[in-house]
Amino acid sequence: MPNPSSPATTSQRITKNSQSRRFLQIVAVCLFAITMLGANSPAKRFDKLGHQLVCQCGCGQILVECNHVGCPVSPVMLKELEVQTANGLPDTGVLNFFIAKYGPIALAAPIRGGFDNVAWIVPFAVLVLATLGVALLIRFWKRRNDSLLLAAPGAASLPPNSLEDRIRRETDYENWGDRP
């Protein structure tokens with residue numbers, strides 16, 4: 001039986017570890033290559049940009065999904081998109097072409113950057129400010145209500161528990177017959 005601490009066993013273990021590590025690296029590179037196949041293909045880019053544009057026929061649908069029967073605008077826009085992507089313009093250049101021709105309403109969502117960040121930030125800011133406003137309003141009303149209870153006539157002379165007892169006595173149904 002070989003000694004587990006012998007140099008031959010240790011070198012075999014190191015060789016086996018390096019082989020398994022190399023195998024895992026090859027598998028990882030292959031998986032990465034397979035997932036990246038077609039990532040930059042013109043068809044995927046056309047589809048991606050087509051989903052960022054809105055058909056201008058009035059249907060309000062995404063350009064590549066416009067199913068408006070006899071749509072006069074979508075074939076023209078799709079042809080323009082095909083020409084712009086074939087020219088090699090970057091994505092922002094293609095989108096800017098459509099903004100220049102049809103206006104900013106041609107975009108399905110505002111471009112992130114510049115003044116258009118307002119369209120992304122304002123709704124969340126309004127939500128946060130409205131929540132804070134409601135919390136402050138409730139706090140103000142609660143304080144005002146507490147100060148009104150304490151400022152009621154005779155409330156200063158009675159401890160808070162006796163004021164609650166007085167309210168219960170005056171509103172208790174069984175004691176209604178005892179009133180003058």
Side-chain angles (χ1 to χ4, degrees), residues 13-152:
R13 210 176 305 146
I14 291 172
T15 306
K16 191 172 185 177
N17 283 342
S18 64
Q19 287 175 348
S20 63
R21 192 175 311 138
R22 178 63 67 186
F23 177 74
L24 289 175
Q25 288 173 348
I26 291 171
V27 168
V29 168
C30 289
L31 286 175
F32 181 72
I34 289 171
T35 58
M36 296 309 291
L37 284 175
N40 241 356
S41 70
K44 287 191 185 259
R45 184 168 179 246
F46 178 85
D47 189 53
K48 182 182 123 195
L49 288 170
H51 278 89
Q52 294 178 0
L53 297 168
V54 175
C55 182
Q56 296 301 300
C57 70
C59 66
Q61 294 181 9
I62 300 297
L63 179 60
V64 293
E65 296 176 2
C66 179
N67 59 3
H68 181 192
V69 177
C71 179
V73 179
S74 101
V76 174
M77 287 182 73
L78 288 171
K79 188 65 176 169
E80 290 172 344
L81 179 62
E82 187 176 317
V83 168
Q84 294 301 317
T85 54
N87 286 342
L89 282 175
D91 292 353
T92 55
V94 173
L95 294 176
N96 286 334
F97 169 80
F98 282 96
I99 291 171
K101 184 164 184 178
Y102 298 102
I105 59 170
L107 297 177
I111 296 176
R112 306 270 316 251
F115 184 72
D116 290 329
N117 279 340
V118 173
W120 292 97
I121 295 170
V122 167
F124 298 109
V126 167
L127 176 68
V128 168
L129 290 175
T131 303
L132 288 174
V134 168
L136 289 173
L137 186 64
I138 290 171
R139 186 175 180 190
F140 171 74
W141 284 345
K142 186 173 179 340
R143 284 186 177 176
R144 187 181 70 180
N145 191 23
D146 291 345
S147 65
L148 288 176
L149 282 176
L150 293 176

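Keep in mind that what you see is a predicted model, and the values were worked out from it rather than measured. Counting begins at 1 with the first residue of the sequence.
Of the residues listed (Asp91, Val64, Leu89), the one engaging Leu49 in a side chain to side chain contact (heavy atoms under 4.5 Å, CB included) is Asp91, and it is the only one. Partner of Ser74 under the side chain to side chain contact (heavy atoms under 4.5 Å, CB included) criterion, out of Cys55, Cys57, Cys59: Cys55 alone.
Nearest heavy-atom pair across Glu80 and Tyr102 is OE1-OH, 2.9 Å. Nearest approach of Trp120 to Ala109, heavy atoms of both residues: CZ2-CB, 4.2 Å.
Rounding to the nearest 0.5 Å places CG of Leu63 at 11.5 Å from CG of Leu107. Between atom CD of residue Gln84 and atom CE of residue Met77 there is a gap of 11.5 Å, rounded to the nearest 0.5 Å. Atom CD of residue Gln19 and atom CG of residue Leu24 lie 12.0 Å apart, to the nearest 0.5 angstrom. Here CD1 of Ile62 is found 11.0 Å from CG of Asp47. Values are rounded to the nearest 0.5 Å. Expressed to the nearest 0.5 Å, how far CZ of Arg139 lies from CG of Leu132 amounts to 12.0 Å. Considering CD of Glu65 and CG of Leu53, their distance stands at 12.0 Å, rounded to 0.5 Å.
Judged purely by atom type and a 3.5 angstrom limit, Asn96 uses its side chain to pair as donor or acceptor with the backbone of Thr92. A donor-acceptor contact shorter than 3.5 Å links the side chain of Gln56 to the backbone of Val54. Here the side chain of Gln61 pairs no donor or acceptor atom with the backbone of His68 at under 3.5 angstrom.
For the pair Phe46 and Leu81, the minimum side-chain heavy-atom distance is below 4.5 Å.
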